[in-house]
Amino acid sequence: MIRKVCRPAAWVAMLCLVLALGLAACGGGSDSSSTAGAEETTEAESAGTEAAGNEAEAEAETGSTAEVSKEGIVEFRKPKAGSGAGKKIGLIELGSSVPFSNLVTKSVEKAAKEAGAELVACDSELEGQPALDCAKSFATQGVEGYLNFQQDAELSEAICKAGPQVPVIAIDITQEPCEIAFMGADNEYAGFLAGKAVGEFAKNEWNCEYDAYVSMEEPEAGSVNEERMGGYRKGFQSICPGELKNEKTLNAGRTDIARTQFTDTLTALPGQSKIVVVAINDDAILGALAAAKTAGRESDVFVSGQGADPSSWCEIAHNPQWIADTAYFPERYGEIGVPYLLEALEGKEIPTKLLVPHELVNSKNIEQVYEVTGC
Amino acid sequence: MELNMSPGSASSAAPALDPQGKRRRDPLLSRLPETAPLIVVLIGLGLFFTIKSPYFFNYDNFLNILTAASIAGIIAAPATLLMVGAQFDLSVGSGLTFCGVVVAHFAGDMSLGPAIVLGVAAGMVLGSVNGILVTVVGVNPLITTLGTLAAFVGLARVISDGQTLPITHFSTLGTARPFFEIPLPVLIFAAVMLAFWVLMRFTIFGRSMYAIGANPVAARLAGIRVKRFIFAAFFLSGVCVALAALVNISQLSAASPTAGNGLELSVITAVVLGGASLAGGRGTIIGTVLGLLVIGTLNNGLVLLDVSSFWQEVARGVLLILAVSFDQLRLKLGTR
């Protein structure tokens, strides 16, 4: 009985599925269009960045090698011992599921300990509500100043209101209106550094006659994604000017997803052996390399990632396909955030931009930048 | 003990009768196998993507689809067995993360062999914990596995310190192509599916799970060892999760603390899409394989067509909603 009654329903469901698929395919377009859509949503936020970006874009088109601005970049410095004695500072973590966030947390803990300050750390779990709870808890606990790494810039006003009215330094994501300074990655510059290095490789090896440019992105990261991957394009185009050849954009910020998606993408690039792959993080590059290896096409891809995470040090050092990476030094974020926050608590004026001094890392210099062992 | 029950449809074994109790003549559609709509969807997708992309219809791409489905597939086999018995395992994603991290962590401290043994043991522990909590303590399987989902992903982060752990000299399992260029993960996936197909179709254990899912009280009164069989199903789920974790870290040469995020959703989608009922008593391995292939083909084709990732999510979401709605519709109509 059930089977009889359900058969028509099954066929209807099947038709709906095919219809939905058709809709998706028709409404889809290329990924570059989706990126454009994302750009529109953050247009107002990043007007200033865009103005600078347009200049660089124009320069890139004319083949200029002009670089993006380095304004606001500061040096790492150890906090003075005892400079935080008797002070209680806070840290709203991004999320313990994010390796980058864990490194930041550890570095802040280390710096606070060196300074002798009491640190209250609270995990926002990549969500707004826990971040709000963290801020309330800081108010209750009498935190005198805090570093805020919660991810949703739109919620920052509510979080500022809920938290104690004390100096706040934002980490990587703007926390208006209470932030007195923004510290973290200079995403556009970081992307530009690696993009330029990959461009130089393409110029030297192939005279810029590459087959495809695959950009592994994370649109959910909003302006961070746009600035970082936009910086990549500008850097690359500053050496190999003109429109990117056979550009493909994938939503693949995680190793396993990147592996699956890049496997399919390689299928759509048969016989091509000069494939440039850039990514928003190193996890995605690890996935892309795994896909290329499985397909027996490791020598066809030339990769570059962002972060220079410990998990990729061995590959950067020994895999000839890994052209360049930008180091973010999350394990040293505390050496900027903590000393400047303590200075602010003492009433000193601090710069409003505290950007990380990114470094280009490749097989030649990685062992000078990091202690690479166990490869 | 004779279980008069056909695998795949415990609740639909009765012949179709009209209100007067006379046997009705089946219309054409009802004489087709239950998996027919899925086969048609699969063929439809295949035709659509073949027309739209010159890269879709070739041997290598079919292997891509199967390789992409292999990890979820290895886990979907025991998930089908569990769902047939009206049980769920939401901890498969965190289990995969945990087992992978255990192997990668201990491979650094000791040789690879013992690390793999520890990884498999971790999967067995996960399955046993779930099984004991459900059958001995009597906690609802959803709540149990929701709890172990959180606990094991937390443990994985503790062990890995929240970082991706690289693992070297362990790529054969994930990348080897022993014959006909077929990747080893695809062969493992096929072997697991075959084993569970035999288990569910030809063994007392497998057939009993249909009875347990359809009516656990009746199954118990019929002499079926309900708790023991449910425990065994959870244990098998843990073992398969460990196997999938080994394939995963071998493919990636790394164990990521986020590797299994959302995997439980993919697995449940495939199983439900394949015709298994959320209420138990219904489902087949062949249906699950078709469900996996439909999802894999959809994902693969959308990437080949360069469809925006946002639209890909929409398509996957529509698929999930359709799968669950279809199951609900089936249940509703069945109770009229």
Side-chain angles (χ1 to χ4, degrees), chain A residues 1-11 13-14 16-18 20-25 27-31 33-34 37 96-99 101-103 219 248-251 254-256 259-261 263-265 267-268 270 283 286-287 289-290 293-295 309-312 314-315 374-375, chain B residues 9 11-12 14 16-17 26 29-30 34 37 40-41 44-45 48 52-53 55 60-61 64 67-68 108 157 161-166 171 174-175 183 248 251-254 256-259 298-300 302-312 314-315 318-319 322 325-326 329-330 333-334:
Chain A
M1 168 103 178
I2 300 168
R3 288 169 67 178
K4 284 189 175 179
V5 180
C6 284
R7 286 267 152 63
W11 288 97
M14 181 194 76
C16 287
L17 176 62
V18 173
L21 179 68
L23 181 71
S30 73
D31 252 322
S33 65
S34 73
S96 60
S97 61
V98 183
S101 170
N102 293 324
L103 291 173
K248 293 188 179 297
T249 308
L250 307 179
N251 182 2
R254 248 173 58 185
T255 312
D256 50 338
R259 191 191 65 77
T260 307
Q261 294 221 354
T263 299
D264 297 341
T265 302
T267 306
D283 281 353
L286 290 174
L289 284 175
K293 194 175 175 184
T294 307
D309 300 337
S311 56
S312 54
C314 286
E315 288 285 327
C375 296
Chain B
S9 55
S11 53
S12 60
L17 303 175
D26 284 348
L29 281 181
S30 66
E34 285 181 344
V40 173
V41 168
L45 286 172
F48 177 78
K52 286 288 201 179
S53 168
Y55 310 111
D60 282 344
N61 193 48
N64 287 349
T67 309
R157 285 177 196 158
D161 209 10
Q163 302 300 306
T164 299
L165 302 178
S171 59
T175 58
N248 184 50
Q251 283 180 331
L252 302 175
S253 297
S256 163
T258 58
L298 185 70
N299 289 341
N300 172 272
L302 292 174
V303 172
L304 289 183
L305 292 186
D306 243 353
V307 171
S308 148
S309 55
F310 299 134
W311 278 106
Q312 289 184 34
V314 172
V318 168
L319 197 65
L322 278 178
S325 304
F326 181 57
L329 188 65
R330 202 159 50 186
L333 292 172

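In this text the structure is predicted, and so the values were computed from the model without any measurement. Letters go in sequence order (proteins before strands), and every chain restarts at 1.
Of the two parts of A/Thr260, only the side chain, counted from C-beta on, holds a non-hydrogen atom closer than 4.5 Å to a non-hydrogen atom of chain B. For a residue to count as touching a neighbouring chain, one of its non-hydrogen atoms must lie under 4.5 Å from one of that chain's; by this rule A/Asp283 touches chain B with the side chain only. Contact annotation for B/Asn299: only backbone heavy atoms (N, CA, C, O) come within less than 4.5 Å of a heavy atom of chain A. Contact of B/Pro257 with chain A is made through the side chain alone, with heavy-atom distances under 4.5 Å. Both the backbone and the side chain of A/Leu103 come within contact range of chain B, with heavy atoms under 4.5 Å apart. Both the backbone and the side chain of B/Asn300 have a heavy atom closer than 4.5 Å to some heavy atom of chain A.
A/Pro99 approaches B/Gln163 most closely through the heavy-atom pair O-NE2, 2.8 Å. Listed here is the closest heavy atom pair of B/Gln251 and A/Ala290: O-CB, 2.9 Å.
A distance-only check finds a donor-acceptor pair linking the side chain of A/Asn102 to the backbone of A/Ser96 [under 3.5 Å].
Partners of B/Ser53 according to the side-chain contact (heavy atoms from CB on, under 4.5 Å) rule, which considers only residues two or more places apart in sequence or in another chain, are B/Tyr55, B/Phe56, B/Leu304, B/Leu305. Judged as a side-chain contact (heavy atoms from CB on, under 4.5 Å), and not counting sequence neighbours, the contacts of B/Ser256 are B/Thr164, B/Thr258, B/Ala259.
Chain A forms more heavy-atom pairs under 4.5 Å with one residue of B/Leu165, B/Asn248, B/Asp161 than with any other, namely B/Asp161. Your options are B/Pro183, B/Gly162, B/Gly174, and the one with the most heavy-atom pairs under 4.5 Å with chain A is B/Gly162.
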Inset, instruction - Carefully, step by step, assess A/Leu286 and B/Leu252 under the rule side-chain contact (heavy atoms from CB on, under 4.5 Å). - result: CA-CA 7 Å; A/Leu286 290 174; B/Leu252 302 175; over 6 Å; no
